[in-house]
**Student:** 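Have a look at this one.
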Amino acid sequence: MSKVKGFVEYVIAPGETILELLEVHGMTQLDLANKTGINKKTINEIIKGKAPITTATALKLEYVFNIPASFWNNLESEYRESIERKKDYDSLVDDEVYLENIPYAEMARRNWVEPTRDAKEKIINLRKFFSVASLSFDTELKSRLAFRKSNNDNFSFESLLCWIRYGEIQSSKDVYPKYNEEKLSNSVSEIRDLVSKPFLSVLDEIKSILTDCGISLVYEPHLPNTYVNGVAYKMTSDKAIIMISDRGKKDDILWFTLFHEIGHLLKHSKKEIFVDQEKDEKNDIELEADEYSRNVLISDRIFNDFVNSKRYMTERGIKAFAKENNISTGIVVGRLQKEKYIGWNEFNDLITRIS
């Protein structure tokens, strides 16, 4: 049997202690029955661990052996807990099926869970990580996820849940004012004023603005096989969360994802968890969030005027347009590439990449 920290494989019943004391005092089980007023059958069942030592029995044993009732109560409590722990330990095998799709080693590398190679220890650590008694993942969280499963065959739903759960844990460490949708809407322009700078360089400023709106912003590199750019949802009626990953490794993607998730919070159901993934097709909700983000960064009117002028065809024109609109050149290039005005291999030196 694998060894798990804190687990006792062999459990000793309190009755073993009673047997030792009977021998020390030269007493039989019948003698103890007579001295305590408890019938012999019950005494025998207590000794065999079949019957519990009740509080009343503990008080009687205190008189007979001059050992405090608290000792017997604690002995019984620890025994029953050990029995249940052994049952729980034996049940860990039922959760082993989930380990195949959970990047435990990477989670341990990030200090989310304790490092171990033992399967049962992993399950115990993951149950604590998720604050659940089983890794079945049939949770309220799962039912609220609004996304289409990635077309990639390696996609791991469990890995995605681990990433989302980490964000919840991080966001629970701070105190936030009540979520204020109107304040968020009014704060978008303040965040937009920062987009000429690399996203990670102003991350703390963005967090501060969103915190005042009752939103926790968590930036965390994606886990393997999640293919996730971002997530947005209401954790409670008073608090929202936005998570952003490093998927794509480009600064313009981070900015686009941020406003995409803000768009979800402002425009869509507060009951669902919106997961932004790489996908070939998008539903109307995702398209609307895309449109919102696109227009916050560069309005369609301004962008169309820019491409019609043909200024986008030179590096000088792109830089000038970016400066005029207080935006990074990478965001301009990213949109030009996305809308196929230029190739994916053009002007990439104007894009800020993240390590």
**Student:** Is R192 reaching over with its side chain to a backbone N or O of L297, donor-acceptor style, under 3.5 angstrom?
**Tutor:** yes

**Student:** Inspect the contact between R311 and E324 and indicate whether a charged nitrogen and a carboxylate oxygen are less than 4.0 angstrom apart.
**Tutor:** yes

**Student:** Is the side chain of N326 donor-acceptor paired with the backbone N or O of D193 at a distance under 3.5 Å, no angle test?
**Tutor:** yes

**Student:** Please find out if less than 6.0 Å separates the ring center of Y227 from that of H222.
**Tutor:**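 That pair fails the under 6.0 Å test.
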
**Student:** Does any non-hydrogen side-chain atom of T54 lie less than 4.5 Å from one of T57?
**Tutor:** yes

**Student:** Side-chain contact test, heavy atoms from C-beta onward, threshold under 4.5 Å: evaluate it for I53 versus I46 and give yes or no.
**Tutor:**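 Yes, side chains in contact.
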
**Student:** Determine whether more than 12 heavy atoms belonging to other residues, nucleotides or ligands lie under 6.0 Å from atom NZ of K267.
**Tutor:** no

**Student:** Given salt bridge (Lys or Arg N to Asp or Glu O under 4.0 Å), test K86 with D90 step by step and report yes or no.
**Tutor:** CA-CA 6 Å; K86 186 176 187 309; D90 293 339; 3.3 Å; yes

**Student:** Aromatic contact between H264 and Y233, with the criterion being ring centroids under 6.0 Å apart: yes or no?
**Tutor:**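 No, the ring centres sit 6.0 Å or more apart.
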
**Student:** Is K120 positioned over the aromatic face of Y89, cation under 6.0 angstrom from the ring centre and no more than 45 degrees off axis?
**Tutor:**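 Judged by the rule, K120 and Y89 form a cation-pi pair.
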
**Student:** Assess, by modelled atom type and distance only, whether the side chains of E261 and N229 contain a donor and an acceptor separated by less than 3.5 Å.
**Tutor:**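 No, because no side-chain N or O of E261 sits under 3.5 Å from a partner of the opposite role on N229.
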
**Student:** If the threshold is 4.0 Å, N to carboxylate O, is there a salt bridge linking K234 and E272?
**Tutor:**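 A salt bridge is absent here (no side-chain N lies under 4.0 Å from a carboxylate O).
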
**Student:** Is it true that K239 and D174 make a salt bridge, defined as a side-chain N closer than 4.0 Å to a carboxylate O?
**Tutor:** no

**Student:** Can you check whether L92 reaches R127 side chain to side chain, under 4.5 Å on heavy atoms?
**Tutor:** yes

**Student:** Is it the case that more than 12 heavy atoms not belonging to K60 sit under 6.0 Å from its NZ atom?
**Tutor:** yes

**Student:** Tell me yes or no: between the side chains of Q170 and K173, is some donor less than 3.5 Å from an acceptor?
**Tutor:**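 Checked: Q170/K173 side chains pair up, N/O donor to acceptor below 3.5 Å.
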
**Student:** Below 4.0 angstrom, N of the basic side chain to O of the carboxylate: do K35 and D31 qualify?
**Tutor:** no

**Student:** Would the distance check show the side chain of S293 and the main-chain N or O of D290 forming a donor-acceptor pair, the cut-off being under 3.5 Å?
**Tutor:** no

**Student:** Do N125 and Y104 have side-chain atoms, one donor and one acceptor, less than 3.5 Å apart?
**Tutor:**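 Y104 and N125 do have a side-chain donor-acceptor pair below 3.5 Å.
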
**Student:** Tell me whether R335 forms a cation-pi arrangement with F303, defined as NZ or CZ under 6.0 Å from the six-membered ring centre and within 45 degrees of its axis.
**Tutor:** yes

**Student:** Using 4.0 Å as the upper bound for N to carboxylate O, is an ion pair formed by R80 and E84?
**Tutor:** no

**Student:** Under a plain distance cut-off of 3.5 Å, with no hydrogens placed, do T226 and R247 share a side-chain donor-acceptor pair?
**Tutor:** no

**Student:** Salt bridge between E45 and K48, side-chain N to carboxylate O under 4.0 Å?
**Tutor:** no

**Student:** Within a radius of less than 6.0 Å around CG of N308, do more than 12 heavy atoms belonging to other residues, nucleotides or ligands occur?
**Tutor:**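 It does: N308 CG has more than 12 such atoms within range.
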
**Student:** Decide yes or no for I298 and F306: does some side-chain heavy atom of the first lie under 4.5 Å from some side-chain heavy atom of the second?
**Tutor:** no

**Student:** Is a donor from one side chain sitting under 3.5 angstrom from an acceptor on the other, for T42 and N39?
**Tutor:** yes

**Student:** Please lay out, stage by stage, how N345 and Q337 fare under the test side-chain hydrogen bond (donor to acceptor under 3.5 Å, both in side chains).
**Tutor:** CA-CA 9 Å; N345 62 337; Q337 291 177 342; over 6 Å; no

**Student:** Can a donor-acceptor pair be found between the side chains of S77 and N74 at a distance below 3.5 Å?
**Tutor:** no

**Student:** As a test of understanding, state which of L194, L217, I244, L258 forms a side-chain contact (heavy atoms from CB on, under 4.5 Å) with L203.
**Tutor:**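 Answer after filtering L194, L217, I244, L258: L217.
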
**Student:** Quick one: does E346's side chain have a donor or acceptor within less than 3.5 Å of a partner on G343's backbone?
**Tutor:** yes

**Student:** Is there a donor-acceptor pair closer than 3.5 Å between any side-chain N or O of S82 and the backbone N or O of E78?
**Tutor:** yes

**Student:** Would you call the rings of H25 and F65 parallel, tilted or perpendicular if under 30° counts as parallel and over 60° as perpendicular?
**Tutor:**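 Ring orientation of H25 relative to F65: tilted.
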
**Student:** Apply side-chain hydrogen bond (donor to acceptor under 3.5 Å, both in side chains) to residues S208 and T211 and explain how you reach the verdict.
**Tutor:** CA-CA 5 Å; S208 178; T211 294; over 6 Å; no

**Student:** Can any side-chain N or O of S159 pair as donor or acceptor with the backbone N or O of P224 at less than 3.5 Å?
**Tutor:** yes

**Student:** Should R353 and D251 count as an ion pair when the cut-off is N to O under 4.0 Å?
**Tutor:** no

**Student:** After noting the C-alpha distance and the side-chain angles of W72 and T17, does the key distance pass the side chain to side chain contact (heavy atoms under 4.5 Å, CB included) rule?
**Tutor:** CA-CA 10 Å; W72 298 105; T17 303; 4.0 Å; yes

**Student:** Heavy-atom count around M27 CE within 6.0 Å, excluding the residue itself: above 12?
**Tutor:** yes

**Student:** What I want to find out is whether E220 reaches R110 closely enough, with some N-O distance under 4.0 Å, to be called a salt bridge.
**Tutor:** yes

